[in-house]
Participant: 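Below is a structure I'd like to ask you about.
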Amino acid sequence: MTDRGAFLDWLGPAPDQPSAPADPGAAESSPAPEGDTSIDPPRAGGRVVTVAGAHGGSGATVVAVLLSMVAGTTGTAAVLDGTVIGGDLLHRAPADIDVGCTWHHWVTDPRRTPPPGRWVALGRDRAAAPHGLPLAAAAGELAAAGRTVVVDAGACVGSAWFDELAAVTDHLLLTVDDRPGAANASRPVLSMVRSRLGSSQMGRSVQIVVTSQRPGVDHVTGPLTDALAGRVAGVHHVPYDPELAAGVEIDTALLSAASIDLAHAVLAHTDPITETPAHRKARP
C-alpha cells in the first residue's frame with residue numbers, strides 16, 4: 001500500500017484551484033503558476049496525444065494502438081512509432097489499419113501527400129539515429145491537418161527526445177504496470193513531468209493509465225488515484241485483456257469491452273477544446 005502523504009512529498013503542495021475548471025475560459029483569465037505552460041483560446045484542428053511509459057514494458061505501445069483505433073472510428077487518426085530506437089508498433093497494429101511508410105520519410109519527402117485512410121500507422125526508421133529526426137514536425141503537421149495523432153514514445157521521459165516531442169504534445173499519457181512497487185517506481189518520471197510542464201498544466205493534460213498485462217490483482221490504480229487526485233487529469237485502468245497481452249497483431253474483433261471503454265474514457269479527456277502547441281506552431 002502506498003502512503004498518500006509520503007508519495008506526494010516530492011510532488012510539492014496541492015494546487016489551490018481545481019485542475020480542470022468547468023469553464024474553459026477560466027484557465028485563460030486566471031494567471032498560471034510560475035513555470036506552467038499557458039493555454040491559448042480555441043482553434044480548429046486535431047490533437048497530439050503522447051503515450052510514454054513510466055518504465056519499460058508498461059504497455060505504452062498497446063495503449064497507443066488502442067487509442068488510435070478508437071479515435072479512428074469517429075474521425076481521422078494516425079499512430080506513430082516515436083520510440084528512440086524503434087519499437088514493435090507496426091507489428092501490433094491490426095490488419096485493418098493502413099500501414100504507411102515511416103514518419104521520417106513521409107515528413108521529409110517534398111512530394112508527400114496526406115497519409116491515406118481514416119486510420120494510419122507510421123513506423124520508425126531504425127536505420128536513422130534519433131538526433132535530428134523530425135518527430136515533432138511529423139506529429140504537428142498531422143495534427144494541424146485535423147487528425148488525432150497518437151505517439152508511442154516508449155520510456156523516454158527526461159530525455160532530449162521527449163522534450164522535443166513535448167513541445168507539440170497536447171495531452172500526455174503515462175503508462176504504469178500494475179505490479180507491486182510500480183507506483184513508487186513512477187515517482188521520478190512524474191517528478192520530471194511536473195518540472196517540464198508545471199503543476200497546473202500537469203493537472204489539465206496528464207493522465208495515468210495503469211495496465212494489467214497478466215491476470216491477478218491490480219496493486220497500483222487505487223493508490224495512484226488517491227495519491228494524485230487533483231494533480232493529474234485522470235487515472236485509468238486497463239484490465240487484463242488477452243488480446244492486448246498476446247504480443248502479436250491485435251484483432252479488433254477480439255478486444256474486450258473494457259479495453260474499448262477505457263480508450264473512450266481517455267480520449268474524452270483529450271478533446272481539442274483549447275489551442276494546442278501543434279496548432280500554434282502551424283500558424284502562418
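Keep in mind that what you see is a predicted model, and the values were worked out from it rather than measured.
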Participant: If I take atom OG1 from residue Thr175 and atom CD from residue Gln207, how far apart are they, to the nearest 0.5 angstrom?
Facilitator: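 Result: 12.5 Å between the selected atoms.
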Participant: What heavy-atom pair brings Val107 and Pro134 nearest, and what distance separates the two atoms?
Facilitator: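 Heavy atoms of Val107 and Pro134 come nearest at CG1-CG, 3.3 Å.
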Participant: Is there side-chain contact between Val70 and Val266, with at least one heavy-atom pair below 4.5 Å?
Facilitator: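 A side-chain contact is absent here, since even the closest heavy-atom pair is not under 4.5 Å.
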Participant: Does Gly53 offer a backbone N or O that forms a donor-acceptor pair with the side chain of Ser58 under 3.5 Å?
Facilitator: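 Such a contact is absent between Ser58 side chain and Gly53 backbone.
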Participant: Can you confirm whether Pro94 sits close enough to Val65 that some side-chain heavy atom of one is under 4.5 Å from a side-chain heavy atom of the other?
Facilitator: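 Yes, side chains in contact.
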Participant: Can you measure from NE2 (His264) to CG (Leu67) and round to the nearest 0.5 angstrom?
Facilitator: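 Between His264 NE2 and Leu67 CG, I get 10.5 Å after rounding to 0.5 Å.
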Participant: Do Val232 and Leu224 have side chains that approach each other closer than 4.5 Å (heavy atoms only, starting at C-beta)?
Facilitator: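 They are not in contact (no side-chain heavy atoms under 4.5 Å apart), so the answer is no.
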Participant: Taking atom OG1 of Thr61 and atom CG of Leu89, what is their separation to the nearest 0.5 Å?
Facilitator: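 With rounding to 0.5 Å, OG1 (Thr61) is 6.0 Å from CG (Leu89).
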Participant: Measure the spacing between NE2 of His236 and CG of Asp261 and express it to the nearest 0.5 Å.
Facilitator: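 So the NE2 of His236 and the CG of Asp261 are separated by 12.5 Å.
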Participant: Counting C-beta onward and ignoring hydrogens, is there a side-chain heavy-atom pair between Trp103 and Val151 closer than 4.5 Å?
Facilitator: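 No. Closest side-chain heavy atoms not under 4.5 Å.
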Participant: Do Arg194 side-chain atoms and Met202 backbone N/O form a donor-acceptor pair below 3.5 Å?
Facilitator: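 It does not hold such a pair.
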Participant: Closest heavy-atom contact between Leu244 and Ser259?
Facilitator: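 Looks like CD1-OG, 3.6 Å.
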Participant: Restricting to non-hydrogen atoms, name the atom on Leu197 and the atom on Ser205 that form the minimum distance, rounded to 0.1 Å.
Facilitator: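 Shortest heavy-atom separation between Leu197 and Ser205 comes out as CD1-OG, 4.2 Å.
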Participant: Specify the closest pair of heavy atoms between Met192 and Val157, including all atoms of both residues, with the distance to one decimal.
Facilitator: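 Taking every non-hydrogen atom into account, CE-O, 3.7 Å.
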Participant: Is it true that a side-chain atom of Asp81 and a backbone atom of Gly86 form a donor plus acceptor pair closer than 3.5 Å?
Facilitator: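 Side chain of Asp81 to backbone of Gly86: no pair is present.
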Participant: Can you tell me which residue among Asp170, Asp152, Thr169 is in a side-chain hydrogen bond (donor to acceptor under 3.5 Å, both in side chains) with Thr50?
Facilitator: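 Output: one option passes, namely Thr169.
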Participant: Is any side-chain heavy atom of Val193 closer than 4.5 Å to a side-chain heavy atom of Leu172?
Facilitator: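 Answer yes - side chains close enough.
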Participant: Is there a path of hydrophobic side-chain contacts, each under 4.5 Å between heavy atoms of I, L, V, M, F, W or Y residues, that connects Leu165 with Ile85?
Facilitator: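 Result: yes, single cluster for both.
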Participant: May I ask you to decide if Ala77's main-chain N or O and Arg147's side chain share a donor-acceptor pair within less than 3.5 Å?
Facilitator: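 Side chain of Arg147 to backbone of Ala77: a pair is present.
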Participant: Ile208, Tyr240: one ILVMFWY side-chain cluster at the under-4.5 Å cut-off?
Facilitator: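 Different clusters: Ile208 never reaches Tyr240 through Ile, Leu, Val, Met, Phe, Trp or Tyr contacts under 4.5 Å.
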Participant: Determine whether Leu255 and Leu66 make a side-chain contact, defined as any pair of heavy atoms from C-beta on separated by less than 4.5 Å.
Facilitator: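 With C-beta onward as the side chain, the pair touches.
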Participant: For the backbone of Ala71 and the side chain of Trp119, can you confirm whether one donor and one acceptor N or O come within less than 3.5 Å of each other?
Facilitator: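 Between the backbone of Ala71 and the side chain of Trp119 there is no qualifying donor-acceptor contact (under 3.5 Å).
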Participant: Would a distance-only check, ignoring hydrogens and angles, find a side-chain to backbone donor-acceptor pair under 3.5 Å from Arg47 to Val149?
Facilitator: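 Not at all, since once roles are kept as given, no pair shorter than 3.5 Å links the two residues.
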Participant: Between Glu243 (side chain only) and Asp251 (backbone N and O only), is there a donor and an acceptor less than 3.5 Å apart?
Facilitator: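 Yes, the answer is positive, given that a donor and an acceptor are paired below the 3.5 Å cut-off.
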Participant: Do we see a donor-acceptor contact under 3.5 Å between the side chains of Ser212 and Asp178?
Facilitator: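 Yes - a donor-acceptor pair under 3.5 Å links their side chains.
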Participant: Does the His55 side chain pair with the main chain of Asp177, one donor and one acceptor, at a distance under 3.5 Å?
Facilitator: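 Answer holds: yes.
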Participant: Work out which heavy atom in Leu90 is nearest to a heavy atom in Gly123; give both atom names and the distance.
Facilitator: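 So the minimum-distance heavy-atom pair works out to CD1-CA, 3.8 Å.
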Participant: With distance as the sole test, does Arg124 use its side chain to make a donor-acceptor pair with the main-chain N or O of Thr102 at under 3.5 Å?
Facilitator: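 Not a single qualifying donor-acceptor pair exists.
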Participant: For Ala258 and Pro239, which heavy atoms make the closest approach, and how far apart are they?
Facilitator: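 The pair with the smallest heavy-atom distance is CB-CG, 3.9 Å.
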Participant: Taking Ser191 for its side chain and Pro188 for its backbone only, find out whether a donor-acceptor pair lies under 3.5 Å.
Facilitator: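 Such a contact is absent between Ser191 side chain and Pro188 backbone.
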